[in-house]
Amino acid sequence: SQQGEEDPQALSIQEGENATMNCSYKTSINNLQWYRQNSGRGLVHLILIRSNEREKHSGRLRVTLDTSKKSSSLLITASRAADTASYFCATTPQGGKLIFGQGTELSVKP
Amino acid sequence: DAGVIQSPRHEVTEMGQEVTLRCKPISGHDYLFWYRQTMMRGLELLIYFNNNVPIDDSGMPEDRFSAKMPNASFSTLKIQPSEPRDSAVYFCASSPGDRGMNTEAFFGQGTRLTVV
């Protein structure tokens, strides 16, 4: 069964706007990761946040983690058409297991 | 390193045939994962290995599916006999691990399987 659920399922914005995607999960975790998938390609790791961290930045990406609410958000600032892709959160509930959510399909229109 | 290498990239087979998917993980990575991706079910974890040992195969759909990792540089996922509902993209991924936990996972390009 899926551990994470992303919200929204699909998001369409204009270039230059910010995009926010949310992820909720069910069990306690060691870390939470965000990945990106371009159509027809494998997933690419974006950022990892550990369970004892609350916020992390990488370039135009900002990730927050609220373990009390079992939720995380990914913010992409100043979006570009090239950011168009599917975005997935993945959790590590125990040991090495890595479970993905259903993903958010982001479309950035030029 | 060339990254995670999967073969074949595309496979079309007839129902009832045996299918073998192959994966070469990144050298030095402790974890290897097999996933299946479909529109209906998303990205499902089938099985994962730690240091060549299968740790959790609870995602393997049924006995027709089997996976092996005979050494640190090679893994196979076998479907026998294949059925049309097995049609999907199968991904292999590897992760270096850190004190018993996985970290960043690196994905192969996937094998698109079509069973007719």
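Just so we're on the same page: letters track the sequence lines, and every chain starts at 1.
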Nearest heavy-atom neighbours spanning Leu45(B) and Leu98(A): CD2-O, 3.8 Å
Closest heavy-atom pair and its distance - Glu15(A), Ser79(A):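 So the two residues come closest at CG-O, 3.4 Å.
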Proximal to chain A - members of residues 106-116 of chain B, heavy-atom separation under 4.5 Å: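 From residues 106-116 of chain B, the residues near chain A are Phe107(B), Gly108(B), Gln109(B).
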Neighbours of chain A found in residues 74-93 of chain B - heavy atoms under 4.5 Å: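 Counting heavy atoms that sit under 4.5 Å from chain A, the residues of residues 74-93 of chain B involved are Phe91(B).
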Which portion of Gln6(B) sits near chain A, non-hydrogen atoms under 4.5 angstrom: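 Neither; nothing under 4.5 Å.
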Residue Asp56(B) versus chain A: region with a heavy atom under 4.5 Å: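 Contact with chain A: side chain only.
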Donor on one side chain, acceptor on other, Asn31(A) and Thr92(A), under 3.5 Å: yes
Flag for Gln37(A)-Tyr35(A): side-chain donor and acceptor within less than 3.5 Å: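 Side chains of Tyr35(A) and Gln37(A): no pair found under 3.5 Å.
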ILVMFWY cluster, Leu46(B) and Leu43(B) together (side-chain gap under 4.5 Å): no
Test log, rule side chain to side chain contact (heavy atoms under 4.5 Å, CB included), inputs Ser107(A) and Lys109(A): CA-CA 6 Å; Ser107(A) 174; Lys109(A) 301 186 188 309; 3.6 Å; yes
Distance in Å, Ser71(A) OG paired with Asp7(A) CG, rounded so as to fall on 0.5 Å steps: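 Between Ser71(A) OG and Asp7(A) CG, I get 10.5 Å after rounding to 0.5 Å.
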Candidate pair Ile47(A) and Arg62(A), rule side chain to side chain contact (heavy atoms under 4.5 Å, CB included), full reasoning: CA-CA 9 Å; Ile47(A) 195 165; Arg62(A) 173 179 168 245; over 6 Å; no
Side chain to side chain contact (heavy atoms under 4.5 Å, CB included) partners of Lys24(B), counting only residues at least two apart: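 Lys24(B) satisfies side chain to side chain contact (heavy atoms under 4.5 Å, CB included) with Ile5(B), Ser73(B) only.
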Pairs where residues 37-60 of chain B contributes a residue and the test ring-ring contact (aromatic ring centres under 6.0 Å, His included) is met, not counting sequence neighbours: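 Every ring-ring contact (aromatic ring centres under 6.0 Å, His included) pair that includes a residue of residues 37-60 of chain B, provided the two are not neighbours, is Phe33(B)-Tyr48(B).
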